[in-house]
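Structure first, commentary second.
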Amino acid sequence: MARHLITSAIPYINGIKHLGNLIGSQLPADLYARYLRARGNEVLFLCATDEHGTPAELAAAKAGKPVAEYCADMWAVQAEIAQGFRLSFDHFGRSSSPQNHKLTQYFAGALAAAGLIQEVTENQVYSVADGRFLPDRYIEGTCPNCGFESARGDQCDNCTKQLDPVDLINAHSTISGSTELEMRETKHLYLRQSKLKDDLNAWISSKTDWPLLTTSIAKKWLHDGDGLQDRGITRDLDWGVPVKRGTEDWPGMEGKVFYVWFDAPIEYIACAQEWVDAGKGTDWERWWRTDKGADDVRYTQFMGKDNVPFHTLSFPATIKGSAEPWKLVDYIKSFNYLNYDGGQFSTSRGRGVFMDQALEILPADYWRWWLLSHAPESSDAEFTWETFQTDVNKDLADVLGNFVSRVTKFCRSKFSENVPVGGTWGAPEEQLIADLSTRLTAYQGHMDAMEVRKSAAELRAIWTLGNEYLQGVAPWTTFKTDPDQAAAQIRLALNLIPFYAALSAPFIPDAAAELLEAMRVPDTAWPDDVRSALTALPVGHAFSVPEVTFRKITDDERSDWAERFAGTRD
RNA sequence: GGCGCGGUAGCUCAGUUGGUUAGAGCGAUCGACUCAUAAUCGAUAGGUCGGGAGUUCAAGUCUCCCCCACGCCA
């Protein structure tokens with residue numbers, strides 16, 4: 001069996017993520033991780049919180065907490081919600097961990113030694129009242145061109161004219177409102193990505209099997225304008241990884257930290273160290289160092305399209321530039337955006353459903369199924385309450401849930417709560433096995449290829465085969481003239497339940513577990529062979545009729561939720 | 001303004017390297033069944049594949065122009 005390293009883009013720390021964020025990386029990554037584990041592969045699935053940068057500092061200030069405390073609290077919140085959605089991370093780390101601090105500084109040292117770090121002195125806007133340098137997005141003023149009052153430091157959103165912060169009339173800090181701004185000289189480190197352009201280009205060009213979305217974004221950044229630009233990797237902030245060259249101080253860089261986009265991807269590696277230090281694993285290097293056993297690892301990253309440039313270029317530049325045998329990503333699966341009811345999900349405006357709210361109103365499996373079966377793979381996708389209600393009711397309650405219900409209840413009323421004896425298989429059963437085998441092969445093919453929507457459609461078709469079979473052989477009719485034959489039919493149908501549970505677990509793990517429990521099957525292997533899987537339950541095996549596995553979403557609930565989540569989050 | 005992803009049945013989407021009557025699910029209509037969460041199963045209807053021009057024996061599928069929507073950027 002193969003070894004798979006899987007990472008999901010790490011969510012930013014400042015608040016709870018919405019469903020669009022969830023389906024953009026963590027959820028499909030979890031689907032893949034669960035599937036590969038079920039198929040017997042060795043999997044290391046990592047995620048973490050991305051904690052550094054100005055937004056975290058501001059959010060902490062707004063919450064009235066020291067930033068370290070705020071981040072620790074929010075990490076705990078996000079970890080709990082991730083658990084609520086059954087995201088099966090082997091470790092959920094933090095980019096602020098000591099391991100990441102050390103490793104980030106280590107990479108900076110290696111890049112410097114390779115001649116890929118350049119020290120640049122530049123002028124930036126400094127806010128005396130805030131006591132800090134201000135990124136362009138935190139400076140506003142009146143546009144000298146059109147008079148728009150909320151023009152940002154880098155451009156006017158009204159007339160689109162490109163601006164310099166010094167051009168603005170009445171320029172002020174959006175943090176404090178202070179107009180006491182001045183230009184100050186400051187020194188920063190730049191990663192000379194341009195020197196790695198050819199190497200990165202050749203590498204990206206060799207990835208012909210990557211999603212178009214991934215490679216097209218990468219190539220745009222490589223070739224647009226003057227090509228790949230050198231990138232500042234330090235900031236004048238307090239909260240972050242202190243700038244060091246390995247373990248040594250970096251003269252002239254005192255009091256500065258690495259830019260969040262430099263240290264965040266390195267957390268993928270540091271997270272594996274955290275995983276070991278937490279006592280969950282024994283050797284992280286065999287996942288990350290190709291000279292120490294990671295050469296047979298297949299590394300897959302999941303992310304939304306906004307993260308693609310950093311994962312196709314910036315982070316690979318860090319890895320390649322270090323000239324050390326770190327594991328490079330083998331496959332990048334990227335996703336478009338999920339829209340909410342005709343518009344965008346909006347964290348700032350509280351528009352749409354957020355992860356904590358979703359779990360308050362429905363079990364995780366409902367969301368997992370709908371989001372995955374509508375994953376925005378080829379283009380942006382649309383969430384509406386109408387489709388959510390009809391799809392979930394139809395797929396989960398009517399097709400799968402009701403199948404389990406009709407089979408177990410029929411058996412209980414005509415036979416008992418034990419797998420009945422008697423009868424033999426004939427043509428309909430052979431046909432069912434053939435059909436299931438065909439679809440199982442297709443399902444596995446789509447899952448292997450990370451074709452999420454197609455996988456969901458195939459799984460649903462497998463569920464439907466059970467209903468088709470029952471409708472065809474009609475055990476309720478057979479029973480009147482040939483109870484033994486009806487027993488054979490319902491025995492087969494009962495066996496379909498654990499079979500479905502095994503195949504469905506990557507999508508709907510809780511429901512799958514409930515079905516196995518009801519059927520009194522302690523554990524189930526992936527059904528490589530359909531025929532043997534459908535004879536797994538021994539005659540006389542006791543089971544119980546499960547509770548309603550999926551209740552339906554009512555019209556009242558749908559309209560209530562549509563109203564509740566349309567506006568502002570309180 | 002530049003760039004990017006799209007524009008396929010009422011809705012959500014599939015459509016490999018151009019090749020027979022363009023597919024699926026939902027919804028709709030009709031029928032079957034009655035074991036089941038008023039569930040299920042079957043059948044039928046529904047599309048000038050955004051518009052136009054071109055290449056070709058043949059284009060949803062390639063080329064050019066235009067329109068629309070969304071996103072990114074300067």
Side-chain angles (χ1 to χ4, degrees), chain A residues 20 136 152 154-157 159-164 208-209 211-226 229 304-309 334-339 342-344 370 373-384 386-415 428 439 442 445-446 449 451-461 463-480 486 489-490 493-494 545-554:
Chain A
D136 288 344
R152 297 190 323 189
D154 49 353
Q155 89 167 88
C156 174
D157 286 334
C159 69
T160 74
K161 183 177 171 62
Q162 193 178 342
L163 301 171
D164 210 31
T208 53
D209 62 328
L212 182 63
L213 181 66
T214 305
T215 50
S216 67
I217 292 174
K219 287 176 180 170
K220 170 181 157 49
W221 280 60
L222 274 169
H223 304 304
D224 213 35
D226 298 329
Q229 299 297 297
K305 60 183 171 185
D306 51 329
N307 279 342
V308 168
S334 57
F335 290 85
N336 288 282
Y337 292 142
L338 179 69
N339 289 320
Q344 294 182 336
W370 192 89
S373 61
H374 293 74
E377 291 177 298
S378 57
S379 64
D380 289 353
E382 179 87 4
F383 175 93
T384 67
E386 287 75 14
T387 57
F388 177 68
Q389 180 195 22
T390 57
D391 291 343
V392 163
N393 285 353
K394 189 73 181 174
D395 297 348
L396 297 181
D398 295 346
V399 175
L400 177 60
N402 181 57
F403 173 80
V404 173
S405 185
R406 67 194 296 202
V407 169
T408 53
K409 287 181 181 173
F410 178 83
C411 187
R412 179 174 63 183
S413 72
K414 302 298 190 217
F415 299 99
R439 291 216 175 264
H446 289 138
E451 292 275 10
V452 179
R453 297 175 83 127
K454 289 180 181 175
S455 298
E458 203 62 40
L459 178 58
R460 188 191 186 283
W463 296 340
T464 299
L465 285 177
N467 283 316
E468 289 176 13
Y469 169 75
L470 278 187
Q471 209 65 30
V473 298
W476 47 90
T477 303
T478 313
F479 184 78
K480 294 170 186 167
Q489 291 163 353
I490 212 66
L494 285 168
V545 175
E547 300 298 311
V548 170
T549 313
F550 295 101
R551 72 168 183 83
K552 294 198 185 192
I553 297 168
T554 66

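In what follows, every chain begins at residue 1, and chains take the letters A, B, ... in the order their sequences are listed.
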If you measure from the [atom1] atom in [N] to the same atom in [M], how many Å do you get, rounded?
| N | M | atom1 | answer |
| --- | --- | --- | --- |
| G50(B) | U40(B) | C1' | 39 Å |
| C30(B) | G46(B) | C1' | 15 Å |
| G25(B) | C62(B) | C1' | 31 Å |
| G60(B) | U20(B) | P | 10 Å |
| G54(B) | C11(B) | P | 31 Å |
| U55(B) | G15(B) | P | 30 Å |
| C66(B) | A24(B) | P | 37 Å |
| C5(B) | G71(B) | C1' | 8 Å |

Residue mapping more 5' on RNA chain B - nearest nucleotide basis, F550(A) or N336(A): N336(A)
Given RNA chain B, 5'-ward residue of the pair S413(A) and D391(A), judged by closest heavy atom: D391(A)
Taking atom [atom2] of [N] as reference, at what distance in whole Å does atom [atom1] of [X] sit?
| X | N | atom1 | atom2 | result |
| --- | --- | --- | --- | --- |
| E382(A) | U12(B) | CD | C1' | 10 Å |
| Q489(A) | U40(B) | CD | P | 21 Å |
| N307(A) | C72(B) | CG | C1' | 14 Å |
| N393(A) | U37(B) | CG | P | 15 Å |
| L400(A) | G25(B) | CG | C1' | 16 Å |
| K454(A) | A24(B) | NZ | C1' | 12 Å |
| K394(A) | A39(B) | NZ | P | 8 Å |
| I490(A) | A36(B) | CD1 | C1' | 10 Å |

Residue pair N336(A) / K305(A), side-chain donor-acceptor N/O under 3.5 Å: yes
Find the partner of [N]: check Watson-Crick (N1-N3 plus N6-O4 or O6-N4) and G-U wobble (N1-O2, O6-N3) distances, both under 3.5 Å, and reply none if neither fits.
| N | answer |
| --- | --- |
| A53(B) | U63(B) |
| U48(B) | none |
| G2(B) | C72(B) |
| A24(B) | U12(B) |
| U34(B) | none |

Check: Q471(A) side chain, U40(B) base, donor-acceptor under 3.5 Å: yes
State which of [options] makes the closest approach to the side chain of [X].
| X | options | value |
| --- | --- | --- |
| V548(A) | U12(B), C26(B), U37(B) | U37(B) |
| E468(A) | U37(B), G42(B), G71(B) | G42(B) |
| F410(A) | C35(B), G71(B), G27(B) | C35(B) |
| K409(A) | U37(B), C35(B), U34(B) | U37(B) |
| A381(A) | C13(B), U37(B), C41(B) | C13(B) |

Can you check whether [X] reaches [Y] side chain to side chain, under 4.5 Å on heavy atoms?
| X | Y | value |
| --- | --- | --- |
| K414(A) | I490(A) | no |
| W476(A) | F410(A) | yes |
| D395(A) | L400(A) | no |
| F335(A) | V452(A) | yes |

Phosphate contact (C35(B) OP1 or OP2) by R412(A) side-chain N/O below 4.0 Å: no
Any K552(A) side-chain N or O less than 4.0 Å from OP1/OP2 of A39(B): yes
Face-to-face contact W476(A) to C35(B) six-ring, under 5.5 Å, under 30°: yes
Ring geometry between F383(A) and F388(A) (parallel below 30°, tilted from 30 to 60°, perpendicular above 60°): tilted
Straight-line distance of H446(A) NE2 to R453(A) CZ, nearest 0.5 Å: 13.0 Å
Sugar-phosphate, base or nothing in reach of N402(A), heavy atoms under 4.0 Å: base
F403(A) ring center within less than 6.0 Å of Y469(A) ring center: no
G23(B): syn or anti, per glycosidic angle within 90° of 0: anti
